[in-house]
Protein chains: 2
Amino acid sequence: MATGSYHHGNLRAALLERAEEVLVKDGAVGLSLRGLARDLGVSHAAPTRHFRDRQDLLDTLVTEGFGDLNHRLREAAGSAGPVDERLTALGRAYVVFATERSALLEIMFAAKKEEGAGEDLRRLAHVSLEIAAGLIGEAQQTGAVRPGDPARLAQVAFSAVHGLAVLAVGGLLDGTPVDEATDLTLNVLLAGLGAAP
Amino acid sequence: MATGSYHHGNLRAALLERAEEVLVKDGAVGLSLRGLARDLGVSHAAPTRHFRDRQDLLDTLVTEGFGDLNHRLREAAGSAGPVDERLTALGRAYVVFATERSALLEIMFAAKKEEGAGEDLRRLAHVSLEIAAGLIGEAQQTGAVRPGDPARLAQVAFSAVHGLAVLAVGGLLDGTPVDEATDLTLNVLLAGLGAAP
DNA sequence: ACCTGAACACCGTTCAAGT
DNA sequence: ACCTGAACACCGTTCAAGT
């Protein structure tokens, strides 16, 4: 599909696709616009027609990544079942995403100090937190979670699963299978959230 | 101090010092060996006398970073006071390090997929986990922490504080002051660790 | 032992010019 | 509208040569 219009048809989409392949294989360091152009058989200047600069391409990947993540989180949060099971599902979904797309996760939480486009990305990251906060608010109504600002408790929950993902991706879990580490983390987290302040 | 022998005296130390300044200011992306050489007034090839390549300089910074981190953690873990207070101190020390030296923290938990020298760095990261595991083992004896493999519980504890540091550095805490977010995280964590499995 | 200078093979980015 | 080719100012890394 996609009939080649000039040289490629949809160079933009091809660049993004190839970029994530390179990202998985060599990390963000090994990703160059000239390299992508070479891989796709176009001139080295062609990518700049579709992305202002290298960072713009990276930001586009990150945006897509947050889209996928937030979609998965919404599915987990909205599934059937009691609220504590949905909280567990939410945590697991995060860790699954983080380990499946670890190269992407790394750049999602890296270039957060860029001033310009960083604002949009921060808003997207925020959505993840808001999904967690919504579910925690629900859980507070059933008494499964202690009282308190749901946004702040969501920060705590996010910290737990994100930190675990970093350990897993960094190979610091030793022999512990990721699933077991995840379940233990979520068990401790939910026990802690449930306990009286 | 340090009399200039040829051009600089101790170029190696000067490179490391300048490198962390650049890291803080521009991140790992903006750090180039040629740039450092320019800043220090030496030829562009001079740095390769002291560091095999760019990654070697980065690894050296990371090693020093883990040294500092583990020193701080040991101090917090070994301070006077009941074990749960020391656990809190340990968590706070981690977050303080992570926010004070956030640029360094980023590269400490980034290039973890390098095959060669990564082994040494993983061992250093491990030390942090072992310090936490030791303290958790102590806390189990007083009944402050639930039974279970201290190494696995340390992974959970590490996840909580590391994840929080990422949120803080990434500007995702909204209005929440870091100290308050830290204390809430540690409160939830310790409550969760104390509860029966 | 430590540094220089030239060299090679890469980059990102811009810009006139082509189709 | 989309791409090319040359150009400019950068990189990392190597290697003979200097002191």
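Bear in mind that the values here come from a model prediction, so they are computed numbers and not experimental data. In what follows, chains carry the letters A, B, and so on, assigned in the order in which the sequence lines appear, proteins first and then strands, with residues in each chain numbered from 1. Computed over heavy atoms, backbone and side chain alike; hydrogens, waters and symmetry mates excluded.
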### Task
Report yes if the side chains of A:D120 and A:T63 come closer than 4.5 Å at any heavy-atom pair, otherwise no.
no
### Task
Report the base-pairing partner of C:dT19 (Watson-Crick or G-U wobble, both distances below 3.5 angstrom), or none.
D:dA1
### Message
Using whole Å, what does the distance between atom P of nucleotide D:dC10 and atom CG of B:D26 come to?
### Response
15 Å
### Query
What is the distance, rounded to the nearest whole Å, between atom CG of A:N10 and atom C1' of D:dA1?
15 Å
### Message
Output the rounded distance in Å from CG (A:L31) to P (D:dC11).
### Response
20 Å
### Message
With a 3.5 Å limit on both atom pairs, tell me what C:dG12 is paired to, counting Watson-Crick and G-U wobble, or say none.
### Response
D:dC8
#### Entry: Selected nucleotide, minimal atom distance to A:H44 side chain, candidates D:dG12, D:dT4, D:dA6
D:dA6
### Selection from C:dC3, D:dT4, C:dT13 that lies nearest to any side-chain heavy atom of A:L33
C:dT13
### Task
Return the value, rounded to whole Å, for the distance between atom CG of A:D56 and atom P of C:dT13.
10 Å
#### Entry: B:L40 CG to C:dC2 C1', straight-line distance once rounded to whole Å
15 Å
### Message
Could you tell me how far apart A:F51 (CZ) and C:dT13 (P) are, to the nearest whole angstrom?
### Response
13 Å
### Query
Side chain of B:Q140, backbone of B:V145: donor and acceptor closer than 3.5 Å?
no
### Task
Can you figure out which of C:dG12, D:dT4, D:dC15 approaches the side chain of A:R34 most closely?
C:dG12
### Query
B:R12 has an atom CZ; how far is it from atom P of C:dC3, in whole Å?
12 Å
### Query
So, B:R72 and B:E75, do they make that salt bridge, N to O below 4.0 Å?
no
### Message
Any side-chain N or O of B:R54 below 4.0 angstrom from OP1/OP2 of C:dC10?
### Response
no
### Message
Can you tell whether the side chains of A:R92 and A:D179 come within less than 4.0 Å, N to carboxylate O?
### Response
no
### Message
It should be established whether B:R38 places a side-chain nitrogen or oxygen under 4.0 Å from OP1 or OP2 of nucleotide D:dC11.
### Response
yes
### Message
Among C:dT4, D:dC11, D:dC3, which nucleotide has an atom closest to any side-chain atom of B:S32?
### Response
D:dC11
#### Entry: Pair A:E64 + A:R101, salt bridge at N-O below 4.0 Å
yes
### Query
Closest to the B:D53 side chain: C:dC11, D:dT13, D:dC3?
D:dT13
### Task
Output yes when at least one side-chain N/O atom of B:H50 is less than 4.0 Å from OP1 or OP2 of C:dC3, else no.
yes
### Query
Closer than 4.0 Å, any side-chain N/O of B:S43 to the OP1 or OP2 of C:dC3?
no
### Message
Under 4.0 Å from OP1 or OP2 of D:dT13: is there any side-chain N or O of B:T48 that close?
### Response
no
### Task
Measure from CZ on B:R49 to P on D:dA16 and round the result to the nearest Å.
12 Å
